[in-house]
Number of protein chains: 2
Amino acid sequence: MNSAGMSEENKPVGSDHSANKPASSVGSAVAASASADTSAPVTVYAPLYQQIKGLITQGLQAGEWRPGEMIPSEMELAKRYGVSQGTVRKAVDDLATEHILIRRQGKGTFVATHHEEKVSFRFLRLVPDEGEPTYPQSQFLACKRMRATPEVADSLALATGDAVILVKRILYLQERPTVLEEIWLPGLQFKGLTAERLAAYKGPMYGLFETEFGTRMIRASEKIRAVAADQACAESLKVTVGTPLLLVERVAFTYGDQAVEWRRGFYRTDHHAYRNELS
Amino acid sequence: MNSAGMSEENKPVGSDHSANKPASSVGSAVAASASADTSAPVTVYAPLYQQIKGLITQGLQAGEWRPGEMIPSEMELAKRYGVSQGTVRKAVDDLATEHILIRRQGKGTFVATHHEEKVSFRFLRLVPDEGEPTYPQSQFLACKRMRATPEVADSLALATGDAVILVKRILYLQERPTVLEEIWLPGLQFKGLTAERLAAYKGPMYGLFETEFGTRMIRASEKIRAVAADQACAESLKVTVGTPLLLVERVAFTYGDQAVEWRRGFYRTDHHAYRNELS
DNA sequence: GAGTGGTCTAGACCACTCC
DNA sequence: GAGTGGTCTAGACCACTCC
């Protein structure tokens, strides 16, 4: 690591509180995650470790360290950003808690990737009534270029009529058709996505997105309802019309809380259940 | 705090690694949370902060500090357990992440309680399609003493036929009957629970459990399915027979991962959705 | 002003991985 | 043995709360 190559702008601000730092007070202040409170504070304060967290996230976003790769050691990052190892540690701890980085003792700290079974199960919560969770098989029905409807545009922060891609697929679990999904993606970001590429890809779809489109899904928000199977659902999932299904709507986000996927899935729950841990 | 009153057994073990501690190596070793791995390790190692975490949890379990109360400051706990403030801090950080303790800057660290709106919404994930989440109103239909069926006994780690209490209620959200629930509790632990006490209690049921029965729910595991409303559900929830409903089954745990509640709820989702955050 | 948790530093040794 | 993250200590100052 060439710490001499780091510009002053890359260093955090406001770290001159105990007079034991060179304290390069250059660059713009980093905003703290502001709570939606009554009184808007005039001055914005962000702890050093949160600023470091932001700088590391910027590096990830910029592709400086790619999914699966090792990031520099804590000591190197400390040198680079001009802070102590403890401060870097706290920033990395946070990012590891958010599943953005993964620490491996004795090896180093790595950028999280969807090319890992554990991650898939975090984003697909179906567990079988009998036996261990298994990896799903995808059957792709369509991959079309479309125009964003108002609903899709709203979810993806696009304008109505913007280019989007619609993917339709069936997920098989334990040889049974279990999920019928429609997935909307921003057309610009996923230009070139085809049913052939989807079908040819071995591994989870989010793995393909991060490897071939540079978009890594960080978190998602789901809303679950119960609905009756219509004709299309019934045929795809091999159930009778009217069978109760879960309707799972998801918005998925990449770095910087940017929504980059909207999906709607119909789940059979006669041999699986959607599992959720509350705490 | 009278630190002289603490017995040696209350101090952690194995902290003589850097020769700067008095290191009272008395008492039994605390087991690390063992992963269900292939090779069973002969020696068990637990970091100091995890041992402190265990000691604090024991204090909570024993009722030394009750829900809503402040626990001793970090410095006092450090003195009591014979470790540094940093080690106490790491233990408390963990417990705060698990929502067992709550830190309030400038005030102190408090035992979490279900007498807080925020907590209720962590355990009831229904959000309205329009408007802000509202606090539910309970209508209690029954509170009966029963014998545990095999299914209930299995979930609560009881024997079939053991005394259990069955509570039936309807939850109203935004004036609408939205959830029909059956709740099974261990009879011994919840002796004296009646429909009258439930109805008279202002606040969440878990608040009553912790205040009047000394049982605090820490976490829960839910399994969600889609089912059709039967006659009883239809009448209670004012829907037609066959309407798709969420069936949410829950096992709730108190300190030490002890299962102390099993419930089964039927959710209408025509004006609400079950919300879940994935990461 | 006193007391609390929150942040930050510096430095030590431990456990684990890879050679 | 060298390098990594993991734990632990000691001590400083900051932000916040309550008096």
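Naming convention: chains lettered A, B, ... in sequence-line order (proteins, then strands); numbering from 1 in each chain.
- For A:S84, whose side chain is taken as the heavy atoms from C-beta onward, the closest listed nucleotide among D:dT4, C:dC8, D:dA10 is C:dC8.
- Listed by residue number, B:G108, B:T109 are the residues of residues 108-115 of chain B with a heavy-atom contact under 4.0 Å to DNA chain C.
- Contact check on B:E222 versus A:R275 returns no salt bridge, with no Lys/Arg side-chain nitrogen under 4.0 Å from an Asp/Glu carboxylate oxygen.
- Ion pair B:R125/A:E277 not flagged as a salt bridge, since none of the NZ, NE, NH1 or NH2 atoms sits closer than 4.0 Å to an Asp/Glu carboxylate oxygen.
- When each of A:G106 and A:Y49 is assigned the nucleotide of DNA chain C with its nearest heavy atom, A:Y49 is the one assigned upstream, toward the 5' end.
- One atom, NZ of B:K90, and another, P of D:dG6, lie 8 Å apart when rounded to the nearest Å.
- Straight-line distance from the CD1 atom of B:I102 to the P atom of C:dT4: 19 Å, rounded to whole Å.
- Atom NZ of B:K107 and atom C1' of C:dA2 are 17 Å apart (whole Å).
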Practice task
Kindly determine whether A:F209 and A:H114 satisfy ring pair (Phe, Tyr, Trp, His ring centres under 6.0 Å), including the steps that lead there.
Solution key: CA-CA 9 Å; A:F209 289 175; A:H114 284 282; 9.1 Å; no
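- A donor-acceptor pair under 3.5 Å links the side-chain atoms of A:Q51 to the main chain of A:A46, judged by distance alone.
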Fill in the blank from the handout: Applying the Watson-Crick and G-U criteria (both distances under 3.5 angstrom) with [ ] for crossing and | for other-strand pairs, one obtains for DNA chain C ||||||||||||||||||.
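- The interatomic distance linking A:Q105 (CD) with C:dC16 (P) rounds to 6 Å, in whole Å.
- Geometric assessment of B:R104 against the ring of B:F110 yields a positive cation-pi assignment under the 6.0 Å and 45° thresholds.
- Using a cut-off of 4.0 Å between Lys/Arg side-chain N and Asp/Glu carboxylate O, A:E98 and A:R122 are scored as not salt-bridged.
- When only modelled atom types and interatomic distance are considered, A:T215 and A:E210 share no side-chain donor-acceptor pair under 3.5 Å.
- Panel note: side chain A:R250, backbone A:R263; no donor-acceptor pair is recorded below 3.5 Å.
- For the pair A:L77 CG and C:dC8 C1', the interatomic distance rounds to 17 Å; values are reported in whole Å.
- At whole-Å resolution of the value, CZ in B:R104 and P in D:dC16 are 16 Å apart.
- Taking atom CE of residue B:M75 and atom P of nucleotide C:dT4, one finds them 9 Å apart after rounding to whole Å.
- Among all heavy-atom pairs drawn from A:P72 and A:E76, the shortest one is CB-OE1, 3.6 Å.
- Protein atom CG of A:D93 is 14 Å distant from nucleotide atom C1' of D:dC8, rounded to whole Å.
- Annotation: of the two residues near DNA chain C, B:M70 and A:V88, the 5′-most nearest-nucleotide partner is B:M70.
- With distances taken from any side-chain atom of B:R89 to the nucleotides C:dC8, C:dA15, C:dG5, the minimum falls on C:dG5.
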